[in-house]
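Report on one structure; see the data block that follows.
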Amino acid sequence: MVEVNSPEKVGSVSVFAEASRLGHEQVVFCHDEPTGLKAIIGIHNTVLGPSLGGTRMWNYATEEEAAIDVLRLSRGMTYKAAISGLNLGGGKAVVIGDPAQLKNEAFLRRFGKFVDSLGGKYITAEDMNMKTSDMEYIGMETKHVTGLPVEMGGSGDPSPVTAYGVYVGMKAAAKKAYGSDSLNGKKVSVQGVGQVGMYLVEHLVKEGAEVYITDINRDKLAAISKNTGAKVVELDEIYDLDVDIYAPCAMGATINDDSISRLKCQVIAGAANNQLKDEVRHGNMLIDRGMVYAPDFVINAGGIINISSELKGAYNKEQAYSWTEKIFDTCMNILDKAEADKIPSQEAAMLLAEKRIADVGKIKLSF
Ligand code: NAD
């Protein structure tokens, strides 16, 4: 199994070497002088279908950092789509620069033209610093765009569906750890109450969980605590709480040497991408401590499931939620396999995704 999270390698590998190591089909560099657009599109794998993944705009310190980011993110999308049973491949785009200074209609439409030039091999959507209104501009130049506003027939904000998937995935992990999927009375800590965390807290409180929240945004924290009764804790305190479940919903790599030695929970299930700082090392450390980890790319797939519904024609919210509900069974199968094979759950999920890609790949005959 190839590592996805190896931040220490950034800056020390060539883009081609990394693309080869991770198994990419194509990497597209996009440059446009008049608008100042610099973007990279990573197409990892299209065996199951066209590659789908959001466009992230970020003021990367170096171009190499942007390239490495798009390679890892696009590969992650391959696994996410495959394990979710979608007929989609993995892709992602990064746009380099400060959104406040660069993003305007012409800039976004030029990016849309680049997406269009790939003829549907890559379908874009929102990601960090990209909004549904930006997708509208991109959509003026290409039909290969998703995440459009609901009023335009799109699926809109994916966060509520993502949160629902995290919630059902958490229930599966709770069943594995505690023998019951009920979260009633369970103590759950949620790190980050942004778009996803906020909706997750609502589900948890509704089911009778005792919820602890933290966020760098104090105003958001206060508002959510007032509305739901969730208890506010300090940023660093989140790792030391005596809780049953920890839900990382802010940034990646929060499961590391330091946090694992502090966490008292038996279950980790959250929305953040790339939660394990080192997939192999920290995956194994969680097994040694008897902790159940719901793999991030499995349980945060509600967003892509929601978007995939948009691709089938008119967006169907009911269909998106019922597909997302399957995350419970998918997560359960993965946790059972991990236990039976004595391997980290993340590895079990990746093996199942790879098997699906290999099996479906074989039925694609040329004639
Ligand atoms: P968001 O930006 O709306 O929310 C993130 C929240 O985390 C913010 O409120 C921010 O203030 C807080 N935060 C940042 N640093 C923090 C820290 N050090 N400690 C505590 N809180 C901190 O993002 P989101 O859309 O809610 O996504 C949350 C995570 O889930 C991200 O990692 C994202 O990549 C992932 N994810 C989101 C979706 C989706 O549909 N939105 C889908 C899949 C994965």
Side-chain angles (χ1 to χ4, degrees), residues 4-5 52-58 69-70 72-74 76-77 79-81 83-84 86 90 92 94 99 125-132 135 146-147 154-170 189-203 211-225 230 232-241 246-256 258-259 268-277 294-310 320-321 323-324 327:
V4 173
N5 291 334
L52 176 82
T55 296
R56 170 172 295 190
M57 184 157 186
W58 194 253
D69 204 27
V70 81
R72 290 184 183 161
L73 290 166
S74 53
M77 293 307 293
Y79 283 100
K80 193 181 291 204
I83 200 69
S84 306
L86 301 173
K92 201 91 180 179
V94 296
E126 295 159 51
D127 197 82
M128 263 150 68
N129 291 319
M130 284 283 175
K131 302 187 293 241
T132 46
M135 295 302 117
T146 54
S155 55
D157 177 13
S159 308
V161 194
T162 301
Y164 185 63
V166 172
Y167 167 64
V168 298
M170 184 185 285
S189 59
V190 180
Q191 181 183 45
V193 283
Q195 286 301 97
V196 180
M198 174 182 73
Y199 290 111
L200 176 64
V201 169
E202 285 175 11
H203 287 297
V211 183
Y212 298 82
I213 54 174
T214 195
D215 198 293
I216 49 174
N217 186 328
R218 309 294 301 184
D219 294 342
K220 222 186 272 181
L221 265 183
I224 292 169
S225 174
V232 173
V233 298
E234 291 304 319
L235 287 174
D236 198 49
E237 200 188 337
I238 199 90
Y239 301 113
D240 302 311
L241 293 176
Y246 161 56
C249 296
M251 64 281 180
T254 65
I255 304 171
N256 50 46
D258 174 56
S259 65
I268 299 174
N273 282 312
N274 302 328
Q275 291 170 26
L276 300 172
K277 184 165 185 202
D296 48 20
F297 70 89
V298 177
I299 71 165
N300 73 12
I304 189 181
I305 292 169
N306 195 50
I307 281 172
S308 75
S309 161
E310 190 178 331
Y321 272 88
W323 196 289
T324 301
I327 288 177

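Any value given below was found using the heavy atoms of this structure, including those in side chains, with hydrogens, waters and symmetry copies removed. Numbering of ligands and ligand atoms starts at 1, following listing order. Residue numbers start at 1 and run along the sequence shown.
Considering only non-hydrogen protein atoms, atom 35 (C) of ligand 1 sits nearest to A271 O, 3.3 Å. Closest to atom 12 (C) of ligand 1, if we only count protein heavy atoms, is D215 OD2, 3.3 Å. Among protein heavy atoms, the minimum distance from atom 3 (O) of ligand 1 is reached at Q195 N, 2.9 Å. The protein non-hydrogen atom at the shortest distance from atom 15 (N) of ligand 1 is I216 CD1, 3.7 Å. With respect to atom 43 (C) of ligand 1, the closest heavy atom belonging to the protein is N300 O, 3.5 Å. For atom 18 (N) of ligand 1, the closest heavy atom belonging to the protein is M251 CE, 3.3 Å. Counting only heavy atoms of the protein, atom 37 (C) of ligand 1 lies nearest to V196 CG2, 3.8 Å. The nearest protein atom to atom 33 (C) of ligand 1, hydrogens excluded, is given as N273 ND2, 4.1 Å; this is a heavy-atom distance.
Closest heavy-atom approach to atom 32 (O) of ligand 1 within the set A301, A250, G302, G147: this belongs to A250.
The shortest side-chain heavy-atom distance between K92 and R72 does not fall under the 4.5 Å cut-off. Between F297 and N273, the closest side-chain pair of non-hydrogen atoms is not below 4.5 Å. In this structure the side chain of M170 never reaches within 4.5 angstrom of the side chain of Y167, judged on heavy atoms. Side chains of V190 and V211 form a contact here, defined as non-hydrogen atoms less than 4.5 Å apart. Taking the side chain as every heavy atom from C-beta outward, N300 and Q275 never approach each other to under 4.5 Å.
D296 contributes a side-chain N or O that, together with a main-chain N or O of N274, makes up a donor-acceptor pair within less than 3.5 Å.
With ligand atoms numbered from 1 in the order given, ligand 1 contributes 19 (N), 20 (C) to contacts under 4.0 Å with heavy atoms of L235. In summary, the atoms of ligand 1 found under 4.0 Å from a heavy atom of S159, numbered by their order in the structure, are 40 (O), 41 (N).
Just one residue in the list T214, D215, V193, L221 forms a side chain to side chain contact (heavy atoms under 4.5 Å, CB included) with V232, and that residue is L221.
Contact annotation for atom 23 (O) of ligand 1: protein absent (non-hydrogen atoms, distance under 4.0 Å).
Checked by atom type, the side-chain pair T254/Y246 shows a donor-acceptor distance below 3.5 Å. No side-chain donor-acceptor contact under 3.5 Å links N306 and S309.
The proximity of T162 to ligand 1, defined as any non-hydrogen pair under 4.0 Å, is limited to the side chain. By the criterion of a heavy-atom distance under 4.0 Å, neither the backbone nor the side chain of M198 is placed next to ligand 1. If you look at C249 next to ligand 1, the close heavy atoms, those under 4.0 Å, all belong to the backbone.
Checked by distance only, ligand 1 and Q191 stay at 3.5 Å or farther apart across all their nitrogen or oxygen atoms. Not one N or O of T214 is nearer than 3.5 Å to an N or O of ligand 1, by distance alone.
Put simply, CG on L200 and OG1 on T162 are 11.0 Å apart, with the number rounded to the nearest 0.5 Å.
For G169 against I299, the heavy-atom pair with the smallest separation is CA-CG2, 3.7 Å.
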